Amino acid sequence: VTEIAVFAVFAAAALVSAVVVVAHRNPVYSTMSLVVTLLSTAVLFVLLGSPFLAVLQVD
Amino acid sequence: VSAELVAVLAKTGLWVFALLQVAPVMLWLERRAPAFMQDRLGPNRVGPLGLLQGIADAVKFIFKEDTIPSGADRGLFLLAPALALVPALTTFVVLPFGPTVEIAGHTTALVVVDSDVGILVFLSLASLGVYSLVLAGWSSNNKWSLIGSIRASAQMISYELALTTTVVCALIPAGAMNLGAVVDYQREGLWQVVTQPLGFLVFLVAAFAETNRLPFDLPEAESELVAGYHTEYGSMRFAMFFMGEYMSMTTLAALGVTLYFGGWSLPFVDFSGFSGLVQALLGFGVIMLKVGLWLFFFIWVRWTFPRFRYDQLMHLGWKVLLPLALVQFVATAALVVGGVL
């Protein structure tokens with residue numbers, strides 16, 4: 001149950017911030033939401049049990 | 001509540017408690033130590049030996065007015081100081097402070113996250129610190145802040161390269177990315193400061209640049225940039241940058257101690273006879289003692305060397321430190337292949 005909740009939160013965060021990247025008028029906000037997208041994807045990799053990919057995703 | 005959760009919370013609590021104590025102690029030491037070096041007394045009015053100076057400063061920070069410049073980007077301006085604390089309060093999770101012990105019938109490794117990619121977690125979380133500086137400089141709507149943050153990001157990216165290369169050198173002999181394995185390797189043989197002196201030197205210099213300490217404090221060079229990226233910050237928001245900087249120094253020093261000075265272990269001393277809890281506290285005490293000496297060295301250097309010029313900084317980073325780190329890399333690899341290390 002915890003896993004599904006974490007997945008739901010971070011999958012939603014990844015999708016929303018990915019939309020913000022292309023939709024926002026201010027490039028600085030776009031960059032920051034790109035960072036949020038990458039971090040959320042990293043969390044998804046952790047959930048899938050591959051910490052190595054998660055770390056590479058952050059960098 | 002499972003025993004595992006309690007163990008993780010206890011270990012995290014120990015680190016966070018220690019890290020939060022660092023800022024006031026360093027604040028005091030940073031004024032007292034150079035005062036004695038310069039034949040003066042330094043702050044000695046607040047409490048015995050001036051030890052309560054940190055509390056006086058905290059009270060002052062809390063009661064100051066919290067201002068936001070009129071042209072600032074409000075959201076990012078408020079976010080930046082909080083981001084400054086993220087790397088400082090997350091990177092410690094992979095630093096070991098003892099062996100695997102048994103506490104209250106429960107076997108646990110004395111590290112918050114015993115990960116096989118430990119050092120990568122440390123480096124990638126530490127690299128997130130750049131965002132806080134860039135956002136602080138950009139959102140302040142102030143040209144000094146912006147120049148300071150651009151300098152900071154260029155400097156951190158340049159020196160991260162040399163730093164990471166020396167870290168790789170330090171991992172090769174142990175053959176693992178788990179920092180516990182690096183400590184175990186040094187317990188069986190020599191400290192790596194002896195076997196990799198060149199790598200240690202490059203790591204040390206790069207650590208100064210990564211934490212924006214003199215002689216590499218170009219991002220906040222007072223004489224040219226007022227205060228760099230945190231020019232427009234006051235009150236507790238400035239204090240958060242301040243604490244973030246000292247905590248980053250502490251975690252980076254702890255990484256250096258783990259890679260080059262045997263981490264939580266002491267030569268010729270064996271803790272394994274004690275109970276698990278005592279081993280944990282002893283290990284933590286040893287690593288904090290070594291980190292404390294390292295932090296004193298940071299202060300000592302700050303009051304000894306003048307600031308570099310910007311082109312000298314880039315010259316040193318790219319044309320001196322990086323080649324030296326690569327020399328150490330080839331040398332270490334050759335020694336390991338040759339069976340010496």
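Both backbone and side-chain heavy atoms feed into the values below; hydrogens, waters and symmetry mates do not. All values reported here derive from a predicted model rather than from experimental measurement. Here is how names work: the chains are called A, B, and so on, in the same order as the sequence lines, proteins then strands, and each is numbered from 1.
- By the side-chain contact (heavy atoms from CB on, under 4.5 Å) test, B/L79 is found to be paired with B/L76, B/L83, B/L135, residues two or more places apart in sequence or in another chain being considered.
- Within 6.0 Å of OH on A/Y29 lie more than 12 heavy atoms contributed by other residues, nucleotides or ligands.
- No more than 12 heavy atoms of other residues, nucleotides or ligands sit less than 6.0 Å from atom CH2 of B/W144.
- Below 4.5 Å, heavy atoms of chain B meet heavy atoms from A/N26, all part of residues 6-27 of chain A.
- Contact annotation for B/D116: neither backbone nor side-chain heavy atoms come within less than 4.5 Å of a heavy atom of chain A.
- Residue B/Y131 places its OH atom among 12 or fewer non-hydrogen atoms of other residues, nucleotides or ligands, all under 6.0 Å distant.
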